[in-house]
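These notes concern the structure reproduced below.
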There are 4 protein chains.
Amino acid sequence: MGGTTGTTGTAEAGDGAPVRRRQARGQKRIEEILHAAAEVFGEQGYDATTTNAIAARAGVSPGSLYQFFGNKDEVARALAERYAARLETLRAELGTVGDPGDGQDLEELAADVLGPLVAFNLAHPGFKALFARTDMPAGLRDAVAPVQAAIHGRVAELVGRLLPGRPDGEVARVATVSIQLVRGMIPLVTGADDGREREAMIAELHTVVVSYLRRQADLAGERPV
Amino acid sequence: MGGTTGTTGTAEAGDGAPVRRRQARGQKRIEEILHAAAEVFGEQGYDATTTNAIAARAGVSPGSLYQFFGNKDEVARALAERYAARLETLRAELGTVGDPGDGQDLEELAADVLGPLVAFNLAHPGFKALFARTDMPAGLRDAVAPVQAAIHGRVAELVGRLLPGRPDGEVARVATVSIQLVRGMIPLVTGADDGREREAMIAELHTVVVSYLRRQADLAGERPV
Amino acid sequence: MGGTTGTTGTAEAGDGAPVRRRQARGQKRIEEILHAAAEVFGEQGYDATTTNAIAARAGVSPGSLYQFFGNKDEVARALAERYAARLETLRAELGTVGDPGDGQDLEELAADVLGPLVAFNLAHPGFKALFARTDMPAGLRDAVAPVQAAIHGRVAELVGRLLPGRPDGEVARVATVSIQLVRGMIPLVTGADDGREREAMIAELHTVVVSYLRRQADLAGERPV
Amino acid sequence: MGGTTGTTGTAEAGDGAPVRRRQARGQKRIEEILHAAAEVFGEQGYDATTTNAIAARAGVSPGSLYQFFGNKDEVARALAERYAARLETLRAELGTVGDPGDGQDLEELAADVLGPLVAFNLAHPGFKALFARTDMPAGLRDAVAPVQAAIHGRVAELVGRLLPGRPDGEVARVATVSIQLVRGMIPLVTGADDGREREAMIAELHTVVVSYLRRQADLAGERPV
DNA sequence: CATGAATGAGGGTTCATTCAT
DNA sequence: GATGAATGAACCCTCATTCAT
């Protein structure tokens, strides 16, 4: 996706600038709507959120929302993709997460991944409304599925390095479980009333993930595939 | 009345039998409605489930449903209580779960508790629609809150025995986390496509819970409060 | 209906007594239902009153209510007739209301009629729900129409004596107006918060009716038809 | 709108015109809905009127109605306020109604007030459905209460001039009774089948009100407070 | 593209009425 | 006759979505 601007423009000759401006304005609108959606999803949950509420929060008319998004689920999908992109940016900024090997490294790895992830969740209250639900309505499931898959790919990569030699299926499963653990714990973190309880829950999250993965690593050692 | 059993028992009044039969019918209806609700909740999720859908599935008119339940939330509440009662029965049938001490016992304890719990979830598809959601709409939250509290109490009891000497707050937290771990993992189990994957997920669930709790027990040993 | 039991019974030979007892029981049920209906109509108004509420208040099942009354309107009709009968009894007990002639008599006549009428309304809170409404839903209108007609006949009789020589149409109109005046004023009487205000409103009612009828009598004198 | 009448006014923003036009459309819709409501209220009565019926009569969807009115009661309230405003306009157009003193003036005063009032009722069939009911369901009562109070204030003002020196409480009562007399008589006027009967009823209404108020004025003279 | 009024199917709920027991 | 659970049409209201301006 780098800088390949290639042939994307269907703009007519001579008026590239207005088109771009219009596109830019459209992009701004989209941004505003998604921002509003994140807020309302975070406050009310996905099902209870109405498209009109999103539009109102964005200071935009309902019709405008439907100019950019075909329906409610597409708003969710776009927001999910937005989150995915930011997570990707996050990951990129972290640089190369160390080649995990022993327990010590595991702790660090977990800290490196979970820390920003928790921060991300706290910074983006709408995130968990889309991702942290364990049972999803059909529309939402379809909307976030691709993003889920991308996240799963990333995590599987890390887990694969942690458990070298394990069959892909098992790696995938461990990745799935790891994600689910985080997903399940996040509400306990974001829902904590005071900072002390929140810190404690964050520590529990680390404990859960680390002890699970360490056990997996140990098992890998025990039964040399 | 008296001894007038002569005729077929179409007695007008004074006999408890018709009342009992009618109550029995009402109870049966309630059962049918809750059964249908469990199904539909399980299939569609709580929000997407309509009271008319529940009634239709139960082979009953909407008005009939409202004869027994004041509104949708009350159906959920009643179902939650039903589940709580069955869980309690389950627990009672298990007898006294052993006094946990070392790691070996912990494995057994986990197996004793998680095994039936998983079986219960598989047998009752509606259960997770009420309990496994991490973010709940207000109505549902209120409906299941008492039952959640009861479950938490049970688990805290077990955890307390596992981590003697720990302050109540920490025990409560470990219990909360443990429940949440199960809650988060259950969809992976029930959602598994084939039996092999399901078995694997059940194993992961055990691993997750045991490694977490063992780590907690070790910590308890390390830092003698 | 004195003692004319003549040939009313379709009872089969030999079991007249049970039938009568059953009829008596039915009559008692009817009485209870109408009593309950009067109460609930008085408290909630006609439209807001549900047949189930009436049945419940009567300590009877909805089905039982429909055993005696084909629908809600018929309950109203029966109640209206009951009220009419009691009003008739009232009138009969009053004996012959004096031959009205001059103003003095008019005052007395009004007092004789209005006093018991007000008392009746205060004693029967359901009465005004059926009669004091100035605009009625179709069902209720049909239900009370015959009784209204009967009342109108009685009043027209009195007015006719008060305004001798007036054409029937005018007498009927004065009767209609008189009834409407009472009908309109009754809520002010029954709705009065304290006794003092109520007494004042009763006085106003007298003033209204008397001044209207006296004016009519005067007019009768002025323009000798 | 400034002077920019050039193009057809499809300006994107900054111009008040589209907004105004849209508001005008909204106002028109409100008007249509209230007009329809008045009709249906007039035909069916308040309780029997459904919001869908109002919407249909207005040639509008149910959702549209709820865009302007939060619920059925608010429609009634808005209609009541509309009526109040028109009555006020009516009163203003009448100019200063003469300082009433003797009987002659009273006749004129009554004619000045009652004439337009009757005309208003005949022109607005929904009016009596909201105001002429003597017993109201809770929702309607709340909806029209403020308007009732305003009307009462106006009438009390007139009555106060008619009965100088009377305590406020008595003036208020006479006003209440006067209003109630009109309220009770209006259905006889609007419900009249033919014009002749209607005229006669209007005459009766005058007679009723005038004879009542004259009697009150006489009483005031008799017992000089 | 923006607007926001308009749509209308559908949701939860009520209640007059029926009917199996 | 008595019962009360059962019925289901209809009500009020919501909200995802459309469309004239």
Side-chain angles (χ1 to χ4, degrees), chain A residues 22-23 25-26 29 48-56 60-73 75 139, chain B residues 8-13 17-19 21-23 25-26 28-29 47-55 59-73 75, chain C residues 22-23 25-26 29 48-56 60-73 75 139, chain D residues 8-13 17-19 21-23 25-26 28-29 48-55 59-73:
Chain A
R22 215 172 292 163
Q23 285 180 343
R25 184 137 50 96
R29 277 278 196 259
T49 295
T50 71
T51 54
N52 283 350
I54 295 174
V60 153
S61 68
S64 258
L65 187 153
Y66 280 87
Q67 203 104 39
F68 299 107
F69 305 98
N71 56 37
K72 188 179 168 182
D73 290 345
V75 177
Chain B
T8 53
T10 57
E12 295 168 295
V19 169
R21 199 181 314 141
R22 220 167 285 155
Q23 284 180 343
R25 181 140 57 98
K28 188 152 164 288
R29 276 282 192 255
D47 308 85
T49 296
T50 71
T51 54
N52 283 356
I54 295 174
V60 151
S61 69
S64 242
L65 186 151
Y66 281 89
Q67 195 128 33
F68 299 105
F69 305 99
N71 53 38
K72 189 178 167 183
D73 290 348
V75 177
Chain C
R22 214 173 293 162
Q23 285 179 343
R25 184 137 52 96
R29 277 277 197 260
T49 295
T50 70
T51 54
N52 284 350
I54 295 173
V60 153
S61 68
S64 257
L65 187 152
Y66 280 87
Q67 203 103 39
F68 298 106
F69 306 98
N71 55 37
K72 189 179 167 182
D73 290 344
V75 177
Chain D
T8 52
T10 57
E12 293 168 295
V19 170
R21 200 180 313 142
R22 221 167 284 153
Q23 284 181 343
R25 181 140 55 97
K28 189 153 165 285
R29 276 284 191 256
T49 296
T50 72
T51 54
N52 283 357
I54 295 173
V60 150
S61 69
S64 241
L65 186 152
Y66 282 90
Q67 195 129 32
F68 299 106
F69 306 99
N71 54 38
K72 189 178 166 182
D73 290 347

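All of these numbers come straight from a predicted model, not from anything done at the bench. Order of the sequence lines fixes the chain letters, A, B, ..., with proteins taken first and strands second; residue numbering starts at 1 for each chain.
- Atom NZ in A/K72 sits roughly 18 Å away from atom C1' in F/dT18 (whole-Å rounding).
- In this entry the distance linking CG of C/N71 with P of E/dC15 reads 17 Å, nearest Å.
- In this structure, the CZ atom of C/F68 is 9 Å from the C1' atom of F/dA2, given to the nearest Å.
- Looking at residues two or more places apart in sequence or on another chain, you find a side-chain contact (heavy atoms from CB on, under 4.5 Å) between A/D73 and A/Y46, A/N71.
- Put simply, CG on B/D73 is 11 Å from P on E/dG12, counting in whole angstrom units.
- When the nearest nucleotides of DNA chain E are assigned to C/A48 and B/T51 by heavy-atom distance, the more 5′-ward of the two goes with B/T51.
- For A/F69 and E/dC1, the CZ to C1' distance is 15 Å, given to the nearest whole Å.
- To the nearest 0.5 angstrom, B/R29 atom CZ is 11.0 Å from B/L65 atom CG.
- Side chain of A/K72 to main chain of A/G139: no donor-acceptor pair is present (N/O by atom type, distance under 3.5 Å, no hydrogens or angles).
- Shown are B/T50, B/N52, B/T51; of these, the side-chain contact (heavy atoms from CB on, under 4.5 Å) with B/P62 is made only by B/N52.
- Of all nucleotides listed (E/dT7, F/dT3, F/dA16), F/dT3 comes nearest to the side chain of C/Q67.
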Using a cutoff of under 3.5 Å, can you pull out all pairs of nitrogen or oxygen atoms linking the protein to nucleotides 8-10 of chain E, with atom names and distances?
none

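- For D/L65 and E/dA5, the CG to C1' distance is 13 Å, given to the nearest whole Å.
- Look at B/R29 and you'll find a side-chain N or O under 4.0 angstrom from OP1 or OP2 of F/dA6.
- For C/S61, the side-chain contact (heavy atoms from CB on, under 4.5 Å) partners two or more places apart in sequence, or in a different chain, are C/S64.
- Whole-Å rounding puts the D/I54 CD1 to F/dC13 P distance at 10 Å.
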Which nucleotides of DNA chain F pair, in dot-bracket form (Watson-Crick or G-U under 3.5 Å, | meaning another strand): .||||||||||||||||||||
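- Legend: residues meeting side-chain hydrogen bond (donor to acceptor under 3.5 Å, both in side chains) with C/Y66, ordered by chain and number and at least two apart, are absent.
- Residues A/Y66 and D/A53 each lie close to DNA chain F; by heavy-atom proximity, the contact nearer the 5' end of the strand is made by D/A53.
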